[in-house]
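To find a chain, count down the sequence lines: A is the first, B the second, and so on, and within it residues start at 1. Because the structure is predicted, anything quoted here is derived from the model rather than measured.
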Amino acid sequence: MKPVITRFAPSPTGTLHIGGLRTALFNYVYSKQNNGKFLIRIEDTDRERSTKEFEKNILDNLSSIGLAPDEDPINQSERNEIYVKAAEKIIESGKAYWCDCSPEDLELMRKEQTEAGKKPMYDGRSRNLGLPKTDKTVLRLATPESGEIVVKDLIRGEIKFNNNELDDLILLRSDGTPTYHLCNVVDDFEQKITTVIRGEDHISNTPRQIHIQNALDYPELEYAHLPLVLGTDKKRLSKRNAATSLEEYREKGYLDSAIINALARLGWSQGNNEVFYLTDLIKEFNIKDVQKAGAIFDISKLDWLNSQHLANLTLNQFKKNLEPFLNKINIDMESHSNVDSLIEAMRTSSDTLSGIAQSLIPYYQDINEYDEKAIDKFISDKNLLMQLRDLIDGINDWNLDSIESSLTNFQAENKLSTPAVNQPIRIALTGSTKSPGLGLTLTFFSKKTVLERMDKLLDKKS
RNA sequence: GUCCCGUUCGUCUAGAGGCCUAGGACACCGGGUUUUCAUCCCGGCAACAGGGGUUCGACUCCCCUACGGGAUGCCA
């Protein structure tokens with residue numbers, strides 16, 4: 001079996017977005033499960049929009065999420081001579097020619113074709129003119145006028161294109177620089193790529209690229225065109241309909257492994273399983289099982305997957321992942337006297353790390369906001385709150401057992417329901433009716449702090 | 001317009017002609033556990049785009065229509 005070599009070829013015109021990440025993921029997984037290599041090629045031939053910052057962002061993010069390439073990435077902007085040399089080879093073989101049509105000529109031509117109800121495409125008017133190269137000519141590929149190209153796609157089977165649907169595409173611009181299709185084909189050959197896995201928006205590019213390969217006598221490649229990731233409006237995922245940047249998801253507190261999991265499940269599934277890690281994917285993934293239709297990215301599924309991945313972490317791993325989110329809101333996680341117990345009790349309080357960090361605030365900082373509805377519901381009787389304050393003041397051994405027995409005794413003596421006793425205290429401590437078991441919650445605070453917060457609520461009520 | 005790709009619950013999907021009374025998961029709704037919340041457990045709701053064929057039988061095969069997406073650049 002020949003080794004599989006795949007590549008991810010981003011244009012550095014923006015930060016790494018999750019659609020691109022998914023393409024990279026499938027490329028990575030497919031190569032790894034075939035003991036092959038995963039490469040990266042930066043397609044930065046669009047000098048206007050490409051930046052080094054975006055390039056660094058893409059590369060850093062891929063590596064940090066676990067999709068590091070097996071070789072140093074190459075930049076197309078540095079490989080001009082290679083492409084020009086390839087173009088010369090095509091000229092020598094007679095499969096390319098110079099064309100002096102101006103952009104204005106072409107625009108007019110397309111307009112006339114459209115008005116005549118035809119498909120706008122270059123009509124090959126310079127094809128047999130034998131024009132010389134000048135600073136106004138572009139090099140065009142002489143595409144076969146009949147016959148067909150069959151693209152063999154791992155996901156979609158055979159896709160046929162009539163050659164007469166394709167026009168003579170430009171290989172070299174009038175300024176001598178190579179175009180996307182030429183660079184792409186030459187680099188896939190130079191990097192010894194065996195399998196091209198990319199978005200389905202490239203399907204119709206494929207026959208064009210195969211013609212260039214043929215003109216250059218390059219070997220055939222294997223293709224797999226992935227369905228696109230869509231927003232909730234069923235349109236291609238973009239900044240307009242969703243958060244697209246990987247960084248945004250990380251900042252919201254989604255684990256890398258959960259993001260990978262969600263992206264893999266978009267278009268692919270395996271039995272009734274939902275939770276997958278990268279290592280599972282390398283074992284289980286099969287590119288032939290990938291769905292053909294575009295998939296809407298559903299954030300609630302990501303939320304749930306995140307909660308599953310969070311639950312699978314050991315306490316120490318969990319703390320390590322949570323810490324930056326607490327630091328961001330100026331909380332020193334370890335400053336709490338009972339950290340491990342607190343974090344363990346609170347780790348299911350939200351699906352995201354930022355949400356969990358938020359819900360931890362009352363345990364580290366003074367509270368100023370209260371759930372007013374909860375106050376109305378549970379603290380109509382200020383006397384009870386004062387009694388409870390005194391009860392707590394009277395607890396001498398500040399530990400779980402004695403706190404709990406004091407509370408239950410009080411409840412029994414006064415014939416009160418549990419919420420009647422517990423919720424006022426909870427509100428005083430956290431501002432809301434949500435917290436772990438009340439006895440446990442109380443141990444997360446010093447007796448002094450508990451009294452202070454109860455006094456504060458009493459003040460508020462008066 | 002033309003070419004190409006696609007179309008199963010709200011969403012992600014299972015389904016390779018009878019196993020389908022179309023399965024699972026998320027979301028949602030209801031119940032249980034939890035003194036609250038979350039977790040967890042149980043239950044419920046909910047789909048084969050439409051029309052023709054082929055076949056004893058079609059979610060599965062073929063054709064047409066509709067709808068969605070992509071391409072049609074001296075962008076990538």
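Taking atom NZ on Lys111(A) and atom C1' on U2(B), their separation rounds to 20 Å, with Å as the unit. Put simply, CD1 on Ile155(A) is 21 Å from P on G69(B), counting in whole angstrom units. One can place CD of Gln209(A) at 13 Å from P of A71(B), the figure rounded to the nearest angstrom. Taking atom CE on Met121(A) and atom P on U72(B), their separation rounds to 13 Å, with Å as the unit. With rounding to whole Å, Glu404(A) atom CD is found 14 Å from U36(B) atom C1'. As rounded to whole Å, 19 Å separates atom P of U2(B) from atom CZ of Arg110(A). Residue Gln358(A) contributes atom CD, which lies 16 Å from atom C1' of A38(B) at whole-angstrom precision. In this structure, CD of Gln308(A) is placed 20 Å from P of C12(B), rounded to the nearest angstrom.
Between the Asp371(A) side chain and the Ala374(A) main chain, a donor and an acceptor come within less than 3.5 Å of each other.
For residues 49-58 of chain A, proximity to RNA chain B is found at Arg49(A), defined as any non-hydrogen atom under 4.0 angstrom from a strand atom.
The side chain of Thr348(A) lies closest to A38(B), out of C74(B), A38(B), C12(B). Here the nucleotide nearest the side chain of Ala295(A), chosen from C12(B), U35(B), A71(B), is C12(B). The Arg208(A) side chain lies nearest to A71(B) when the options are C75(B), C12(B), A71(B). Here G6(B) is the nucleotide among C26(B), G6(B), A76(B) with the atom lying nearest to any side-chain atom of Ala293(A). Between C26(B), A76(B), G24(B), one nucleotide has an atom nearer to the side chain of Tyr180(A) than all others, and that is A76(B). The nucleotide whose nearest atom lies closest to any side-chain atom of Leu106(A) is, among G24(B), C74(B), U36(B), C74(B). Each of C74(B), C4(B), A76(B) was ranked by its minimum atom distance to the side chain of Pro103(A); first place goes to C74(B). Here the side chain of Arg236(A) is nearest to one of G70(B), C5(B), U11(B), namely G70(B). Ranking C5(B), U35(B), A14(B) by closeness to the Ile159(A) side chain, first place goes to C5(B).
Within the nucleic acid shown, Phe297(A) has no heavy atom closer than 4.0 Å to any nucleic acid atom. Using a 4.0 Å heavy-atom distance criterion, Cys101(A) is classed as a base contact. Pro227(A) comes within 4.0 angstrom of no nucleic acid atom, judged by non-hydrogen atoms across all strands. Ile296(A) comes within 4.0 angstrom of the backbone, heavy atoms only, and of no base.
Counting only N and O atoms by type, the side chains of Thr143(A) and Asp168(A) include a donor and acceptor under 3.5 Å apart.
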(request) Take Thr206(A) and Arg198(A) through the side-chain hydrogen bond (donor to acceptor under 3.5 Å, both in side chains) test and state the conclusion after the steps. (result) CA-CA 11 Å; Thr206(A) 311; Arg198(A) 63 203 336 187; 3.1 Å; yes
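A close approach under 4.0 Å does occur between a side-chain nitrogen or oxygen of Lys234(A) and OP1 or OP2 of U11(B). Under 4.0 angstrom from either OP1 or OP2 of C4(B) there lies no side-chain N or O belonging to Arg156(A). For Gln291(A) and A14(B), the shortest distance from a side-chain N or O to OP1 or OP2 is below 4.0 Å. In this structure, Lys235(A) reaches the G69(B) phosphate: one of its side-chain N or O atoms is under 4.0 Å from OP1 or OP2. Between Thr45(A) and A76(B) there is a side-chain N or O to OP1 or OP2 distance below 4.0 Å.
Where Trp268(A) and Glu274(A) each meet RNA chain B at their nearest nucleotide, the meeting point lying more 5' is that of Trp268(A). Nearer to the 5' terminus of RNA chain B, by closest-nucleotide assignment, is the contact made by Trp304(A) (compared with the other of Ser11(A) and Trp304(A)).
Lys301(A) contributes no side-chain N or O that forms a donor-acceptor pair with the base of A27(B) under 3.5 Å. Residue side chain Thr179(A) does not reach the base of C74(B) through any donor-acceptor N/O pair under 3.5 Å, judged by distance alone. Counting distance only, with no hydrogens placed and no angle test, the side-chain atoms of Ser204(A) and the base atoms of A71(B) include no donor-acceptor pair under 3.5 Å.
Between Tyr364(A) and His336(A), the ring center distance clears the sub-6.0 Å criterion. Trp268(A) and Phe276(A) have their aromatic ring centers within a separation under 6.0 angstrom.
Relative to the ring axis of Tyr97(A), Arg140(A) does not place its NZ or CZ within 45° and under 6.0 Å from the centre. Note that Arg7(A) lies outside the cation-pi zone of Phe38(A), set by a 6.0 Å cut-off to the ring centre and a 45° limit from the axis.
The only member of Ser77(A), Ser11(A), Ser50(A) that meets side chain to side chain donor-acceptor pair (under 3.5 Å) when paired with Asp44(A) is Ser77(A).
Between Tyr249(A) and Tyr254(A), the ring-plane angle classifies as tilted under the 30° and 60° cut-offs. Ring-plane geometry between Tyr277(A) and His309(A) is classed as tilted, the angle between the planes lying from 30 to 60 degrees on a 0 to 90 degree scale.
When both distances must be under 3.5 Å, the Watson-Crick or G-U wobble mate of U7(B) is A66(B).
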